[in-house]
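All remarks here apply to the structure that follows.
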Amino acid sequence: MLAIVRFHEPGELDATLDHLIAGGIGLLEVTLDTPGALDAIARVAGTEVTIGAGTVVTVDQVRACADHGARFIVSPGLQPAVVEAALERSLVPIPGVLTPTEILAAHSLGLQTLKLFPASLGGPEYVRTLRGPFSTTAFVPTGGIELAELPRYLEAGAACVGLGSSLVGPRPPGTSAELDALTVRARHTVTSAVEATA
């Protein structure tokens, strides 16, 4: 499970990440359009948690992500220049794809881990269908996925599921109660993922 943090306003970004980690989340993405994203990535980088950057669309952004300790970059679409820049900086590129043609284009660049976006268009059954011809591809569906849908995506063959606002919320938590609720929500979601893959 991948927790995706995207806020459009400044807030308690470090505290949000800390509470997600406290809830058992070990894979985090902070989108670059979140205020303070790179500094937050740098703070978590080097810990036991794997953190990367999302909404990466330029080569310059790839370089900045690498300089701040990101382990992977996620893009909304497939851009060969961004993929190549990530590989040159030893980052794992996870570009967004939706169609079989885009998946094959990503394979031609040597990629097997792909963001399926927006996953809500096809739901878990679309993941299951794609796993037929693309059985070795590790799909990471993201975009519009509700917490209750997590087990269905995993059962359909998703390698990992990206959860954004349904898990983290659309705005930074503003109180200690909201932060504590985030930890509880994260813990519950991790349990659901474990049970779905048991």
Side-chain angles (χ1 to χ4, degrees), residues 1-7 16-31 34 41 44 47-55 70-78 92-100 102-103 106-107 111-171 173 178-198:
M1 186 180 73
L2 170 67
I4 303 168
V5 179
R6 168 181 274 122
F7 298 141
T16 297
L17 296 177
D18 288 343
H19 280 72
L20 285 167
I21 293 167
I25 303 290
L27 190 60
L28 294 166
E29 171 192 333
V30 182
T31 65
T34 298
I41 289 169
V44 176
T47 69
E48 70 280 1
V49 175
T50 300
I51 191 163
T55 319
R71 298 278 301 279
F72 61 92
I73 58 110
V74 182
S75 302
L78 178 62
V92 176
I94 308 175
V97 298
L98 183 62
T99 67
E102 293 170 336
I103 294 167
H107 287 178
L111 304 181
Q112 287 294 328
T113 301
L114 304 174
K115 169 180 176 173
L116 189 63
F117 177 80
S120 58
L121 285 181
E125 285 308 310
Y126 187 53
V127 175
R128 193 183 309 278
T129 299
L130 287 176
R131 292 284 296 152
F134 302 111
S135 60
T136 62
T137 302
F139 290 111
V140 183
T142 70
I145 299 175
E146 297 299 324
L147 298 184
E149 296 177 302
L150 171 64
R152 293 177 55 213
Y153 275 96
L154 292 173
E155 290 161 3
C160 179
V161 178
L163 297 171
S165 60
S166 63
L167 172 63
V168 183
R171 59 177 181 78
E178 288 179 342
L179 286 167
D180 290 343
L182 176 60
T183 299
V184 171
R185 202 159 52 247
R187 190 173 294 122
H188 173 75
T189 307
V190 169
T191 300
S192 295
V194 170
E195 289 175 349
T197 55

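Just so you know, these numbers come straight off a predicted model, no measurement behind them. In this chain, residues are counted from 1 in sequence order.
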Which pair of non-hydrogen atoms, one from Ala119 and one from Pro141, has the smallest distance, and what is that distance? CB-CB, 3.5 Å
State whether the number of non-hydrogen atoms from other residues, nucleotides or ligands found under 6.0 Å of Arg185 atom CZ is greater than 12. yes
Please walk me through it: do Leu28 and Ile21 pass side-chain contact (heavy atoms from CB on, under 4.5 Å)? CA-CA 9 Å; Leu28 294 166; Ile21 293 167; 3.8 Å; yes
Kindly compute the distance separating CD1 (Ile94) from CZ (Phe117), expressed to the nearest 0.5 Å. 14.0 Å
In short, side-chain hydrogen bond (donor to acceptor under 3.5 Å, both in side chains) pairs touching residues 140-149 with sequence neighbours left out are none
Measure the CG-CE distance between Leu167 and Met1 for me, rounded to the nearest 0.5 Å. 6.0 Å
Has Thr113 got a side-chain atom pairing as donor or acceptor with Ala138's backbone, closer than 3.5 angstrom? no
Shortest non-hydrogen contact from Thr34 to Val30? CB-CG1, 4.2 Å
Do any N or O atoms from the side chain of Ser120 and from the backbone of Ile145 form a donor-acceptor pair under 3.5 angstrom? no
Could you walk me through whether Glu155 and Arg152 satisfy the salt bridge (Lys or Arg N to Asp or Glu O under 4.0 Å) test, starting with their C-alpha distance in whole Å, then the side-chain angles of each, then the deciding distance to 0.1 Å, before giving a yes or no? CA-CA 5 Å; Glu155 290 161 3; Arg152 293 177 55 213; over 6 Å; no
Val74 and Ile4: side-chain contact (heavy atoms from CB on, under 4.5 Å), yes or no, with the steps? CA-CA 10 Å; Val74 182; Ile4 303 168; over 6 Å; no
Return the OG1 to CG distance between Thr99 and Leu130, rounded to the nearest 0.5 Å. 9.0 Å
Are any of the side-chain heavy atoms of Pro95 and Leu111 separated by less than 4.5 Å? yes
Distance check, rounded to the nearest 0.5 Å: Arg71 atom CZ versus Thr50 atom OG1? 4.5 Å
Report yes if some heavy atom in the side chain of Val5 is under 4.5 Å from a heavy atom in the side chain of Leu20; otherwise report no. yes
Please check if the side chain of Thr137 supplies one atom and the backbone of Phe139 the other of a donor-acceptor pair under 3.5 Å. no
Which distance, rounded to the nearest 0.5 Å, do you find between the CD1 of Ile41 and the CD1 of Ile73? 11.0 Å
Closest non-hydrogen atoms of Ala70 and Gly52, given as atom of the first, atom of the second and distance, are CB-CA, 4.2 Å
Atom CG in Leu150, atom OG in Ser166: separation rounded to 0.5 Å? 9.0 Å
Can you check side-chain contact (heavy atoms from CB on, under 4.5 Å) on Tyr153 and Val127, steps first, answer last? CA-CA 7 Å; Tyr153 275 96; Val127 175; 3.9 Å; yes
Show your working on side-chain contact (heavy atoms from CB on, under 4.5 Å) between Phe134 and Leu114 and close with a plain yes or no. CA-CA 11 Å; Phe134 302 111; Leu114 304 174; over 6 Å; no
Report yes or no: does Ser135 contribute a side-chain atom to a donor-acceptor pair with the main-chain N or O of Gly132 at less than 3.5 Å? no
Kindly give the heavy-atom pair with the smallest separation between Val168 and Phe7, and that separation in Å. CG1-CZ, 3.7 Å
Please give me the minimum heavy-atom distance between Val97 and Ala106, naming the atom from each residue. CG1-CB, 4.4 Å
When you compare the side chain of His19 with that of Glu178, does any pair of heavy atoms fall below 4.5 Å? no
Where Pro173 and Leu182 come nearest, the two heavy atoms and their spacing: CG-CD2, 4.4 Å
